[in-house]
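All remarks here apply to the structure that follows.
The basis for the numbers below is simple: all heavy atoms, side chains too, and nothing from hydrogens, waters or symmetry mates. Remember, it's 1-based here, ligands and their atoms both numbered in the order they're listed. This structure is a prediction, so every number in the text was calculated from the model and none was measured.
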Amino acid sequence: MKTVNTQQPVIRQVAIVGSGLAGLTAARRLQEAGTEVTVFEKSRGPGGRLAAKRVTGGSADIGAQYFTIRNPRFREFLHQHAGEDVFAPWQGRLVYETATGATEPFHSALRYVGVPRMTAISRALAEGLTLHAGVRIARMDRDSAGSWTLTDTAGEMFGPFDGVIVTAPPAQAYDLLHDSELSGLAAAIEPHLAGMQACWTVVAHYPGSLGLGYQGVQSRDPVLGWAANNSSKPGRDGDGEWWVLHGTPEWSHQNRDLSGEDVTRQLLTAFTRVCSVSAEPDELVSHRWLYARSVTAAGPGHLTDHRLAVGIVGDWLQGGRVEGAFDSAESLIRDWREAGLVTR
Ligand SMILES: Cc1cc2nc3c(=O)[nH]c(=O)nc-3n(C[C@H](O)[C@H](O)[C@H](O)COP(=O)(O)OP(=O)(O)OC[C@H]3O[C@@H](n4cnc5c(N)ncnc54)[C@H](O)[C@@H]3O)c2cc1C
């Protein structure tokens, strides 16, 4: 949706809802362009699905497992804004299970991770930004002069802003826009609502090495979709091995209301079945992602209404995945530059 209006504003103060990679990319790009940026994040810290959970002796990546850097601008961006030290290739042997039950290696490619955890990247990108963490934006209202005011779930108001960028997953973005009576933008999100898959995650610590011969496996099991040795990623210290187990989208969706305990039991049973693990874990953590992965292969890149100075970005508008989140934010900023909403 690209509504061009001759009286469109120049955005000098922007609010960004969400501090995942899409939000942080947009924030950094707009800050570079001289725009005053304020980021709102409902969680305790930045990162979104670039997520890590504290565990004994360190942390484990519970969201994105690795990311690609196909777009050279993404590499430049990470070097310039996050620094060279906060990401590195993961050299672990990754395999997938074939229909016959054999395992084959992933196609050869560089796969990157944050160091020492995925959130190292988002922490670095958030440095120097005005970020209100623990603030869930519930409404956005525009006055007759075109200024936006954002209201959080506690009733606190923030503003004025000339423009707003929403980076939440589609269901949350839809609710925000719908509740703000922005029906045109909400309608543009509707086709994407069914495209997000759930994912139950369990992190299990084993005191010794499991000796599996691979560090990540994509399985064909109906319960366990992925298992990865988090301890094999660069910069992860600590004894033993932390394994991250992801439920399949179908199983995670069907069991979304199960308790963490039940989920843990079922995923561990599946891990034993798929990987012939006989050792017992001595520490366990579970996490439910209602909106984990986008199933759309390609997308429009971003959605925007120039007259309202509102943009919507996120991985789900650019094929899913970490790099898609970056590309989506870039796509919006390019559009806003071309439209004159951002001047530099
Ligand atoms: C289990 C799992 C495994 C994955 N594996 C991979 C992988 O191996 N490789 C890969 O490339 N990608 C993977 N992904 C996908 C990848 O994590 C995402 O594509 C990417 O991180 C999305 O970034 P984003 O900025 O678009 O969205 P998000 O990271 O979801 O950021 C949106 C942010 O908005 C915040 N927010 C939402 N609503 C509000 C509100 N009302 N007010 C304030 N804040 C709000 C959220 O808290 C969140 O921080 C995985 C994801 C999951 C969950």
Side-chain angles (χ1 to χ4, degrees), residues 15-27 38-53 60-70 74 90 94 106 109 111-114 118-119 121-122 125-126 131-140 150-154 158 164-177 179-180 192 196-203 216 218 225-226 228 233 244-249 252 287-296 299 302 312-329 332:
I16 299 183
V17 180
S19 68
L21 188 68
L24 293 173
T25 301
T38 309
V39 183
F40 299 92
E41 172 53 56
K42 69 177 170 58
S43 302
R44 276 191 306 233
R49 281 171 281 155
L50 281 181
K53 213 153 203 159
D61 302 329
I62 55 166
Q65 295 295 289
Y66 58 80
F67 57 91
T68 53
I69 305 185
R70 297 191 179 108
F74 187 30
W90 180 22
L94 308 184
F106 272 27
R111 297 177 175 86
Y112 294 85
V113 294
M118 275 297 189
T119 47
I121 297 170
S122 41
L125 290 175
L131 188 145
H132 297 278
V135 173
R136 187 186 197 116
I137 300 301
R139 254 196 94 85
M140 37 196 276
L150 270 51
T151 309
D152 73 4
T153 44
F158 303 88
V164 182
I165 300 178
V166 177
T167 77
Q172 295 165 344
Y174 178 87
D175 286 348
L176 173 57
L177 295 164
D179 294 350
S180 306
H192 300 272
M196 292 297 282
Q197 299 178 322
C199 180
W200 266 111
T201 300
V202 164
V203 188
Q218 199 169 58
W226 165 257
K233 294 179 176 179
V244 175
L245 314 178
H246 284 164
T248 60
S252 297
H287 182 88
R288 183 185 68 171
W289 294 98
L290 280 179
Y291 312 113
R293 303 286 292 264
S294 164
V295 286
T296 46
H302 66 273
I312 303 168
V313 297
D315 64 333
W316 51 280
L317 287 164
Q318 192 58 53
R321 311 187 78 79
V322 171
E323 197 165 0
F326 169 80
D327 288 339
S328 173
L332 175 72

Checklist entry - Considering only heavy atoms of Q172, which atoms of ligand 1 have at least one such atom less than 4.0 Å away? => result 37 (C), 38 (N)
Checklist entry - Hey, does I62 come in under 3.5 Å of ligand 1, counting only N/O atoms on both sides? => result no
Item to check | Protein heavy atom at shortest distance from atom 34 (O) of ligand 1 | outcome: G18 CA, 3.2 Å
Item to check | Where ligand 1 meets G47 - atom numbers and elements under 4.0 angstrom, heavy-atom basis | outcome: 29 (O)
Checklist entry - Applying a strict 4.0 Å limit to heavy atoms, is L21 in contact with ligand 1? => result yes
Checklist entry - For the residue pair W226 and F106, does the interplanar ring angle fall in the parallel (under 30°), tilted (30 to 60°) or perpendicular (over 60°) class? => result tilted
Checklist entry - Any N or O of R321 that comes nearer than 3.5 Å to an N or O of ligand 1? => result yes
Checklist outcome for this item: For Q65, the atoms of ligand 1 under 4.0 Å from one of its heavy atoms are 5 (N), 6 (C), 7 (C), 8 (O)
Item to check | Which atom of Y112 lies closest to which atom of M118, heavy atoms considered | outcome: O-CE, 4.1 Å
Next on the checklist: If we check side-chain contact (heavy atoms from CB on, under 4.5 Å) with V17, which of these qualifies: I165, T167, V164, V135?
Outcome noted: V164
Item to check | Close-contact set for ligand 1 against V135 heavy atoms, below 4.0 Å | outcome: 42 (N), 43 (C)
Checklist outcome for this item: Atoms of ligand 1 under 4.0 Å from any heavy atom of S43, numbered from 1 in the order shown, are 47 (O)
Next on the checklist: Does ligand 1 come near enough to R49 that some N or O of the ligand is less than 3.5 Å from an N or O of the residue?
Outcome noted: yes
Checklist entry - Looking at CZ of R321 and CZ of R70, how far apart are the two atoms once the value is rounded to the nearest 0.5 Å? => result 7.0 Å
Next on the checklist: Using a 4.0 Å cutoff against the non-hydrogen atoms of A22, which atoms of ligand 1 qualify?
Outcome noted: 25 (O), 26 (O)
Checklist entry - Is there a heavy atom of A51 sitting under 4.0 angstrom from any atom of ligand 1? => result no
Next on the checklist: Can you classify the ring geometry of H192 versus W316 as parallel (below 30°), tilted (30 to 60°) or perpendicular (above 60°)?
Outcome noted: perpendicular
Item to check | Options R111, H132, R293, H287, ranked by nearest heavy atom to atom 15 (C) of ligand 1, top entry | outcome: R293
Checklist entry - Under 4.0 Å from any heavy atom of G63, which atoms of ligand 1 are there? => result 1 (C), 2 (C), 3 (C), 4 (C), 52 (C)
Item to check | Any V166 heavy atom less than 4.0 Å from ligand 1 | outcome: no
Next on the checklist: For ligand 1, which is the ligand I care about here, please tell me if A292 has any N or O atom under 3.5 Å from one of the ligand's N or O atoms.
Outcome noted: no
Item to check | N or O pair under 3.5 Å between E41 and ligand 1 | outcome: yes
Checklist entry - Under 3.5 Å between some N or O of ligand 1 and some N or O of C199? => result no
Checklist outcome for this item: ligand 1 atoms nearer than 4.0 angstrom to some heavy atom of G48 are 29 (O), 48 (C), 49 (O)
Next on the checklist: Is it the case that ligand 1 has an N or O less than 3.5 angstrom from some N or O of T201?
Outcome noted: no
Next on the checklist: How far is atom 11 (O) of ligand 1 from the closest protein heavy atom, and which atom is that?
Outcome noted: V322 N, 2.9 Å
Checklist outcome for this item: Ranking W289, W316, Y66 by closest non-hydrogen atom to atom 10 (C) of ligand 1, top hit is Y66
Item to check | Nearest heavy-atom neighbours spanning A329 and A22 | outcome: CB-O, 3.4 Å
Checklist entry - Mind checking whether H246 has an N or O less than 3.5 Å away from an N or O of ligand 1? => result no
